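Okay, so here's the structure we're looking at.
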Number of protein chains: 2
Amino acid sequence: MIENKKILKKDTCPVSTALAIIGGKWSMLIIFSIGNEKRRFGELKRLIPTISEKMLIQELKKLTNTGILNRKAYKEIPPKVEYSLTKDGLKILPIIDQIKIFGTELIKNNSNL
Amino acid sequence: MIENKKILKKDTCPVSTALAIIGGKWSMLIIFSIGNEKRRFGELKRLIPTISEKMLIQELKKLTNTGILNRKAYKEIPPKVEYSLTKDGLKILPIIDQIKIFGTELIKNNSNL
DNA sequence: AGTATTACATACCTTTAGGTTATTACCTTA
DNA sequence: TAAGGTAATAACCTAAAGGTATGTAATACT
């Protein structure tokens, strides 16, 4: 095999790299929902009721693999897994704030949105 | 007809609204490439050689319709059209800066990216 | 008459993101 | 023994994003 592991495409542009991680439909909402807390899988499901389970774990896995989230699995039954933001992940919170402010202003200025 | 004009879906969340505009593959790159200048269509094509013409006009149209870009068409032949950032559009530049910084740090910390 | 220039349109196709539903592993407790 | 609770997986499908290729309008210049 030439290339085995599926990794995000090496991108020269740091903005594209960041967007590959936080640009999707759910990433920011998940990151925002975790914030400074530790959140269990089921807890996130309840916090974001419109997300499908598939997308939730898929995103959690991606964010974990890219160093945005910590994942702590307790050896218990029924399973218990806690997600929290890493040092890098915490850096996204102010970006989300900025985008939120921008979005709010945009809606105010543009009745079409 | 019930709903005629195609508009971006009314979204309760300002972050989603913002992402619908700047979350795609090309929007930020286009906005960044315009910056504080006036840029012609062909000029942008040259600045972003990897974008297809279709995506370029498509995005320029979307950004114009959502109040991010000004479009000034000169009545000349061959055509001449200049795009520039609106007041709202300019607000995206610092967001892009933030994301760029974040992406750069992320790449530094994560050799997988 | 023919060619070049420039912004844009249109038809068609491929790829990716995201959604739906069902299923599993494991232990505890009724 | 059966049911319940939790995190995760797999198969399958739809819709949307994006890419390729070609065409058009209008005029000036040769």
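Keep in mind the model is a prediction, meaning the values are calculated, not measured. The figures that follow rest on heavy atoms only: side chains count, while hydrogens, waters and symmetry mates do not. Chain letters run A, B, ... following the sequence lines, proteins first, then strands; residues in each count from 1.
Atom CD of B/Q58 and atom P of C/dA7 are 18 Å apart (whole Å). Whole-Å rounding puts the A/I57 CD1 to C/dT20 C1' distance at 13 Å. In this structure, A/I48 places its CD1 atom 13 Å from P of C/dG18, rounding to the nearest Å. In this structure, B/W26 places its CH2 atom 22 Å from P of D/dA16, rounding to the nearest Å. Atom CD of A/E53 and atom C1' of D/dA10 are 13 Å apart (whole Å). The distance between atom CD1 of B/I77 and atom P of C/dC8, rounded to the nearest whole Å, is 12 Å. Rounded to whole Å, atom C1' of D/dA8 lies 20 Å from atom NZ of A/K72. Following rounding to the nearest Å, B/L19 (CG) and D/dA17 (C1') show an atom-to-atom distance of 15 Å.
Taking 4.0 angstrom as the limit, A/Y83 places a side-chain polar atom (N or O) nearer than this to OP1 or OP2 of D/dA8. In this model, the phosphate group of D/dG19 is approached by a side-chain N or O of B/K25 to a distance below 4.0 Å at OP1 or OP2. Applying the 4.0 Å criterion to OP1 and OP2 of D/dT6, one finds that A/R40 has every side-chain N and O outside that range.
Rounding to the nearest 0.5 Å places CD1 of A/I68 at 4.5 Å from OG1 of A/T66.
Not one N or O on the side chain of B/T86 forms a donor-acceptor pair closer than 3.5 Å with the backbone of B/N70.
Contact annotation: side chain of B/K54 to base of D/dG19, donor-acceptor pair present below 3.5 Å.
Here D/dG5 is the nucleotide among C/dA7, D/dG5, D/dA8 with the atom lying nearest to any side-chain atom of A/P79. Closest to the side chain of A/K61, out of D/dG19, C/dG18, D/dT9, is D/dT9. Of the candidate nucleotides C/dC8, D/dA7, C/dG19, C/dG19 has the atom lying nearest to any side-chain atom of A/S52.
B/R39 and B/I34 make their closest contact through CG-CA, 3.8 Å (heavy atoms, listed as atom of the first residue, atom of the second, distance).
With the nearest nucleotide of DNA chain C identified for both B/V81 and A/M55, B/V81 has the one nearer the 5' end.
Tested against B/I92 for a side-chain contact (heavy atoms from CB on, under 4.5 Å), the candidates B/L85, B/D97, B/I22, B/L63 yield a single pass: B/I22.
The cationic atom of A/K80 (NZ for Lys, CZ for Arg) lies less than 6.0 Å from the six-membered ring centre of A/Y74 and within 45° of the ring axis.
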